[in-house]
Amino acid sequence: MQLNDRQDSILRTADFLGGAIVLETVYAMFPDVREAVLRRIVAKLVRRGALVWCWAGELGCKVFLTTHGDGKHEAGVRRWLKDPEAVRRALETGSVGRVKKLPPKFIHNQTSGLVALGISGGRAEFERELWRQRDGAPVVADGAAWPEPDRRILVENERMVGQSPHRWEQKNGLADRIAKSFRESETSDGFHDEYIVIAPTFLSDDWPDSLRELEKHVAARVVKNNHKNRQGCGWWSLDPGALDADPVWHSFPADSGQSPRPLPGIRSRRLSFEADHKEAAEIDRLRKARRAALTAEERATEDRDRAEAKAKARKQNQEREAASPPAGASIDTSGRASLTLAAPPHAGGC
């Protein structure tokens, strides 16, 4: 199966998210691309047998499962569909319909991946990769976003089911890790992590504002552990019911003002390309109208010319890849691993 950059990025992202992906995550990966174009790409992957879809009631949308693993990750259709008959039907038809209740880890992976990819425009790392890179750390974040090359946002998806905010007080707990991110950098590059927390505000009558509780625990940890804080420190939060909104900044101290650098949300990133999307849609409409006016013979000639051009380009790509240096020959001089899952932006947004 011949894949383009976007198709390959979607499949690799699904592998890293446990063998599954939803359309909202695909949209977040490519904010510069029209949603209709991305839907067609996913539909093509389903037709080619690379993905199958099922309906997940917990998410209220279709979930697309991978049909093949990549050597490191199991195929999603076998990981999440435990019924052999459902697996067989999915592989044969491309769909399994409504599935039974999916485990909490599945929802957790999809939410964390959506936010990590969305606030960075497709440049992200996920929990599995962070565990491999942890270098002895007792805990890792649920994801990491790179909105700029010198800026990492650590994603913490705190669903808080049946739990209290007191667990944030523990050593290496969330409050402790956020407080440590406020310290002056011990390296010369001035690189600092920032945290974004996805947590429901209201937990119970005892904790009507969990984010306020987290602010208190962070402040207590700063007083206890930190010798010197950098200027403009703080952390971000997102409402789990509005994951596409702009993150909310929690400065430390609380009255110290706005964040040093903005962090647009998923919706804002997509809206910034709205003019490009409209222009591309108009170009697409004119192209379809022109093609509809052609005779059958003219359309056949055009299709043949396009197929020949694609075959020529494919051959040139293969020759270029054969002449390129072996994998691993390049060195990342930054000393930091960053996984770019989205293809580079294309002119015209499509």
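We're numbering straight along the sequence, starting at 1. Below, each value reflects all heavy atoms present in this structure, side chains not excepted, and no hydrogens, waters or symmetry copies.
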Colleague: Applying a strict under-4.5 Å side-chain criterion to I, L, V, M, F, W and Y, I'd like to know whether V197 and V115 cluster together.
Modeller: no
Colleague: So, does S210 use its side chain to make a donor-acceptor pair with the main chain of P200 at under 3.5 Å?
Modeller: yes
Colleague: Do W235 and E215 have a side chain donor and acceptor closer than 3.5 Å?
Modeller: no
Colleague: With distance as the sole test, does W249 use its side chain to make a donor-acceptor pair with the main-chain N or O of L263 at under 3.5 Å?
Modeller: no
Colleague: Is any side-chain heavy atom of L214 closer than 4.5 Å to one of I178?
Modeller: yes
Colleague: Spell out, as yes or no, whether a donor-acceptor pair under 3.5 Å connects the side chain of N109 to the backbone of G18.
Modeller: no
Colleague: Tell me whether the count of non-hydrogen atoms from other residues, nucleotides or ligands lying under 6.0 Å of NZ in K180 goes above 12.
Modeller: yes
Colleague: Show the nearest heavy-atom pair for residues L154 and A144, with the distance to one decimal.
Modeller: CD2-CB, 3.9 Å
Colleague: Who are the salt bridge (charged side-chain N to carboxylate O under 4.0 Å, His left out) partners of E308, not counting sequence neighbours?
Modeller: none
Colleague: Between R269 and F30 (side chain of the first, backbone of the second, donor and acceptor by atom type, cut-off under 3.5 Å), is there such a pair?
Modeller: no
Colleague: Quick one: list whatever passes side chain to side chain donor-acceptor pair (under 3.5 Å) with D303, sequence neighbours left out.
Modeller: R291, R306
Colleague: R152 versus E125: any side-chain heavy-atom pair under 4.5 Å?
Modeller: yes
Colleague: Check for a donor-acceptor pair, side chain of T66 on one end and backbone N or O of D15 on the other, with a separation under 3.5 Å.
Modeller: no
Colleague: Is V46 reachable from V26 through a run of I, L, V, M, F, W or Y residues, each pair having side-chain heavy atoms under 4.5 Å apart?
Modeller: yes
Colleague: Which heavy-atom pair separates R177 from V140 by the least distance, and what is that distance?
Modeller: NH1-O, 4.1 Å
Colleague: If you measure from CG on L65 to CG on L51, what distance do you get to the nearest 0.5 Å?
Modeller: 8.0 Å
Colleague: Between E127 and N157, is there a side-chain heavy-atom distance shorter than 4.5 Å?
Modeller: no
Colleague: Any donor and acceptor pair, going by atom type alone, linking the side chain of R299 with main-chain N or O of L294 inside 3.5 Å?
Modeller: yes
Colleague: With respect to Y27, which candidate in R39, R34, R270 satisfies the side-chain hydrogen bond (donor to acceptor under 3.5 Å, both in side chains) definition?
Modeller: R39
Colleague: How close do V77 and V87 get, counting heavy atoms only, and between which atoms?
Modeller: O-CG2, 3.6 Å
Colleague: The criterion is side chain to side chain donor-acceptor pair (under 3.5 Å); which residues satisfy it with S268, sequence neighbours excluded?
Modeller: D246
Colleague: Linking I/L/V/M/F/W/Y whenever their side-chain heavy atoms sit closer than 4.5 Å, directly or via other members, would F126 and L114 fall into one cluster?
Modeller: no
Colleague: Check E129 with R132, please: is the shortest side-chain N to carboxylate O separation under 4.0 Å?
Modeller: yes
Colleague: Under 3.5 Å, is there a donor-acceptor pair between the side chain of R123 and the main chain of S120?
Modeller: yes
Colleague: Using only atom types and a distance under 3.5 Å, with no angle test, would you say the side chain of Q110 pairs donor to acceptor with the backbone of A20?
Modeller: yes
Colleague: Linking I/L/V/M/F/W/Y whenever their side-chain heavy atoms sit closer than 4.5 Å, directly or via other members, would F182 and W236 fall into one cluster?
Modeller: no
Colleague: Identify the heavy atoms of T13 and S9 that sit nearest to each other, and give their distance.
Modeller: OG1-O, 2.7 Å
Colleague: Testing the basics here: between D193 and S181, what is the closest heavy-atom pair and its distance to 0.1 Å?
Modeller: O-CB, 3.6 Å
Colleague: Look up atom CD in E213 and atom NE2 in H217, then write down how far apart they are to the nearest 0.5 Å.
Modeller: 5.0 Å
Colleague: Looking at E194 and R261, is any side-chain nitrogen of the basic one under 4.0 Å from a carboxylate oxygen of the acidic one?
Modeller: no
Colleague: Is there a continuous path of hydrophobic side-chain contacts, each under 4.5 Å between heavy atoms, that joins I153 to L238?
Modeller: yes
Colleague: What is the minimum heavy-atom distance between A145 and A116, and which atoms define it?
Modeller: CB-O, 3.2 Å
